[in-house]
Amino acid sequence: MSNSPQTAIYQVLRLIPAGKVVTYGEVAKLAGLGRAARFVGTTLRKLPKDSQLPWHRVVNSQGRISLPDHHPSRKKQQDLLAEEGVVFINGRIDLQKFLWTP
DNA sequence: GTGTTGACTATCG
DNA sequence: ACGATAGCCAACA
C-alpha cells in the first residue's frame with residue numbers, strides 16, 4: 001500500500017475510465033486525504049510533463065477546467081477530454097453525464 | 001513552531 | 001446564474 005499521499009492520488013487517477021471525469025474533492029476522498037481537494041491540484045501541478053497519468057480527467061465541482069487561463073496545459077486538457085468523448089458546452093462539462101464515481 | 005500558499009468547495013447576496 | 005467570502009488541508013519558507 002502507498003504511504004505517500006501523492007502516490008495515493010496517482011493510484012486513484014489510474015482508476016478513472018476514459019470519457020469520464022472526477023472532481024478534485026472526489027480524488028482527495030478516494031486517496032484517503034479527506035477534504036484536501038486543494039492538495040490534489042497542487043500535486044497535479046507538480047507532475048512531470050511526460051507523465052502517463054490521466055491528470056486531465058480531473059476537473060472542479062463546477063465541471064470546469066481549473067487551470068488559469070494563461071496556463072499552457074489548459075487548452076491541452078480540454079483537447080484530450082474532447083478526444084475521449086467528453087462534451088464541452090460553453091467551456092463546461094455536464095457532470096450529470098460525465099462525472100465518474102466508484 | 002508559525003504563517004503563507006493554492007489546478008478546491010460550499011454558501012451567501 | 002455569477003462573483004465574493006469563508007472554510008479546509010497538506011506542503012513549503
Side-chain angles (χ1 to χ4, degrees):
Chain A
M1 63 183 290
S2 43
N3 301 340
S4 172
Q6 73 174 246
T7 301
I9 293 176
Y10 299 154
Q11 297 301 332
V12 172
L13 291 182
R14 292 186 180 284
L15 299 176
I16 308 171
K20 294 286 182 177
V21 298
V22 288
T23 65
Y24 291 91
E26 277 297 309
V27 174
K29 186 181 178 186
L30 292 174
L33 295 172
R35 307 183 199 97
R38 309 188 80 151
F39 176 67
V40 176
T42 302
T43 301
L44 293 187
R45 189 178 71 73
K46 294 176 183 174
L47 282 177
K49 199 160 64 172
D50 56 1
S51 174
Q52 299 295 314
L53 296 170
W55 57 270
H56 55 275
R57 294 181 191 145
V58 184
V59 298
N60 62 27
S61 62
Q62 304 175 21
R64 289 182 170 285
I65 294 175
S66 280
L67 277 69
D69 298 339
H70 55 77
H71 197 292
S73 294
R74 185 198 153 289
K75 185 180 187 302
K76 184 172 185 175
Q77 178 172 11
Q78 180 168 347
D79 192 47
L80 288 169
L81 288 174
E83 252 182 73
E84 295 181 348
V86 177
V87 180
F88 280 80
I89 300 175
N90 295 328
R92 213 181 303 176
I93 299 171
D94 187 347
L95 291 181
Q96 298 200 24
K97 295 180 181 175
F98 297 106
L99 180 63
W100 176 78
T101 166

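Reminder, nothing fancy here: chain letters follow the sequence lines and each chain counts from 1.
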Checklist entry - Heavy atoms under 4.0 Å, any strand shown: does Thr23(A) hit a base, just sugar-phosphate, or nothing? => result sugar-phosphate
Checklist entry - So, the side chain of Asn90(A) versus the backbone of Arg92(A): is there a donor-acceptor pair under 3.5 Å, distance only? => result no
Next on the checklist: Could you tell me how far apart Leu80(A) (CG) and dA7(B) (P) are, to the nearest whole angstrom?
Outcome noted: 20 Å
Checklist entry - Could you walk me through whether Leu80(A) and Glu84(A) pass the side chain to side chain contact (heavy atoms under 4.5 Å, CB included) check? => result CA-CA 7 Å; Leu80(A) 288 169; Glu84(A) 295 181 348; 5.6 Å; no
Next on the checklist: Under 4.0 Å from OP1 or OP2 of dC9(C): is there any side-chain N or O of Arg38(A) that close?
Outcome noted: no
Item to check | Among dC8(B), dA7(B), dC9(C), the nucleotide that comes nearest once only the side chain of Ala37(A) is considered | outcome: dC8(B)
Next on the checklist: Evaluate Ile9(A) against Leu53(A) for side chain to side chain contact (heavy atoms under 4.5 Å, CB included), listing each step before the verdict.
Outcome noted: CA-CA 10 Å; Ile9(A) 293 176; Leu53(A) 296 170; over 6 Å; no
Checklist entry - More than 12 heavy atoms of other residues, nucleotides or ligands under 6.0 Å from NZ of Lys20(A): is that the case? => result yes
Checklist entry - NA contact type, Arg45(A), heavy-atom cut-off 4.0 Å: base, sugar-phosphate, or nothing? => result base
Item to check | Euclidean distance, atom CG of residue Leu30(A) to atom P of dC8(B) [Å, nearest integer] | outcome: 18 Å
Item to check | Whole-Å distance separating the CZ atom of Phe39(A) from the P atom of dT5(B) | outcome: 18 Å
Checklist entry - dG3(C) C1' sits how many Å from Arg64(A) CZ, rounded? => result 13 Å
Checklist outcome for this item: Side-chain contact check for Gln77(A): nearest option of dC8(B), dA7(B), dC9(C) is dA7(B)
Next on the checklist: In this structure, how many angstroms lie between the C1' atom of dA7(B) and the CG atom of Asp69(A), rounded?
Outcome noted: 12 Å
Checklist outcome for this item: Leu44(A) CG to dA10(C) P, in whole Å, measures 16 Å
Checklist entry - Between atom CD in Gln62(A) and atom P in dC8(B), what is the gap in whole Å? => result 10 Å
Next on the checklist: How many whole angstroms separate atom OH of Tyr10(A) from atom P of dA7(B)?
Outcome noted: 15 Å
Next on the checklist: Heavy atoms from C-beta onward define the side chain here; which of dA11(C), dC8(B), dC9(C) lies closest to that of Tyr24(A)?
Outcome noted: dC8(B)
Item to check | dA7(B) OP1/OP2 closer than 4.0 Å to side-chain N/O of Ser66(A) | outcome: no
Item to check | Phosphate OP1/OP2 of dC2(C) contacted by Arg92(A) side-chain N/O (<4.0 Å) | outcome: yes
Checklist entry - Do Glu26(A) side-chain atoms and Val21(A) backbone N/O form a donor-acceptor pair below 3.5 Å? => result no
Next on the checklist: As a test of reading the structure: which of dG6(B), dT9(B), dA7(B) is closest to the side chain of Thr42(A), going by heavy atoms?
Outcome noted: dG6(B)
Checklist entry - Just to confirm, is there a sub-4.0 Å distance from OP1 or OP2 of dG6(B) to any side-chain nitrogen or oxygen of Lys46(A)? => result no
